[in-house]
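Each remark here refers to the structure printed beneath this line.
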Amino acid sequence: MANKGKLLILPGDGIGPEVMREVRRVIDWMAKKRGITFEVEEALVGGASIDAYGKPVTDETMDIALAADAVLLGAVGGPKWDDLPFEVKPERGLLRLRKDLGLFANLRPAMCFDALVDASTLKPEIVRGLDIMIVRELTGGVYFGTPRGIETLPDGSRRGVNTQVYTTEEIRRVARVAFDIATKRNNKVTSSEKANVMESGILWREEVTFVHDKEFPGVELSHMYADNCAMQLVRNPKQFDVIVTDNLFGDLLSDAAAMLTGSLGMLPSASLGAADANGKRKAMYEPVHGSAPDIAGKDLANPIATLLSFAMALRYSFDLGAEADLLEKAVENVLGGGLRTGDIMQPGMAKVSTGVMGESIVRALDKLAA
Ligand code: IPM
Ligand code: MG
């Protein structure tokens, strides 16, 4: 057996544990059928960690995450923890992981599987063959900028403050990731900001252009205001190849892009840090969807986004491109065979549970590997 490295699994809240169970099936399959094993550890994050330890992520869990080759996260949050003070909300656990692991580049691919062309709320011809990559800056901008907070003014009224802030290097390093990815795809980058109203947007545009001219002159670069980009994503999404944008705009644009693919339940993501001397990057993989408390515990959730996130981990962190291809192909075959979870259900298809979807994908892996 070849041990491929350390994998930390953080199922989190809501549907997180359910969808992660299906990843476990695939991990077991890899060990049994391909002789590929990982050193797997599991820990709590988000509300589950709050319930057990009083904080959304503990220092011990952070240490394991820092030592792991890859972290796979389910989802965090839920109504149970909504009224907690801001600093100890479940989401703070996720944000600490991103920040302390230095995961500045968040890759959110939006691909429309042929079988799901009709599941999108957009017309089939708009989404058929769609394959775009959103590169979202993940450790800066308004998510982390200071000053921030809510203060009470002398007259008793209150003021809420957040700061949008970016430095040269923060912009350049994420731009490099986007350009580099574009060279392996269709060689086109659209950079998105609001340079018409924000100085940080002007700097963003200048620094992206700088990296382009100096290091990637062969890549086609265009700039688009973020509001226009949102509109173009639903008007004509196939005009895009790679979109690079800041933390907040990336959050919004990637949710919009997700719906082009049929469901938020389909979209994986990879968050990568800087490469070390050996070219190795810290990395966390997570579905773009949230914890979906309304359907949690009912075996209704779509596990595909998390399985595809695991495929990204295989590809980017463990150098197992062939296995990643296999898993993606298995998902495609199961969808092609007509199985659907509730979120992507269409007339004439077979509606299945989270567990049956996972099992079927493992069976498809068996067939592909036979
Ligand atoms: C995402 C989520 C998170 C974010 C939340 C849960 C903090 O919406 O990963 O897109 O805003 O980044
Ligand atoms: Mg989001």
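It should be emphasised that the depicted structure is a prediction, and the values quoted were computed from it without experimental measurement. Just so you know, ligand 1 is whichever comes first in the structure, and atom 1 is the first atom listed for that ligand.
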> Do D69 and K282 meet the salt-bridge criterion of a basic N to acidic O distance under 4.0 Å?
Replying inline: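 No salt bridge links K282 with D69.
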> In terms of side-chain geometry, is the basic nitrogen of D100 or R96 positioned less than 4.0 Å from the acidic oxygen of its partner?
Replying inline: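 Salt bridge between D100 and R96, a charged N being under 4.0 Å from a carboxylate O: yes.
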> Does the ring of F240 carry K188 above it, NZ/CZ under 6.0 angstrom from centre and within 45° of its axis?
Replying inline: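 No, a cation-pi geometry is absent between K188 and F240.
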>> For the residue pair R281 and Y316, would you count it as a cation-pi contact if the rule is NZ or CZ under 6.0 angstrom from the ring centre and within 45 degrees of the ring axis?
In response: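 Here R281 fails the 6.0 Å and 45° test against Y316.
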>> Let me confirm one number: the CE-CG distance from M284 to L8, rounded to the nearest 0.5 Å.
In response: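 If we round to the nearest 0.5 Å, M284:CE and L8:CG are 10.0 Å apart.
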>> Under 2.8 Å from the Mg ion (ligand 2) - does any N, O or S atom of D251 fall there?
In response: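 It does; at least one qualifying atom falls short of 2.8 Å.
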> Are there more than 12 heavy atoms of other residues, nucleotides or ligands under 6.0 Å from atom CG of D294?
Replying inline: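 Result for CG/D294: enclosed.
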>> Students should find this: residues with any non-hydrogen atom under 4.0 Å from ligand 1. What is the answer?
In response: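 Under the 4.0 Å cut-off, ligand 1 touches E91, L94, R98, R108, R136, Y143, D251.
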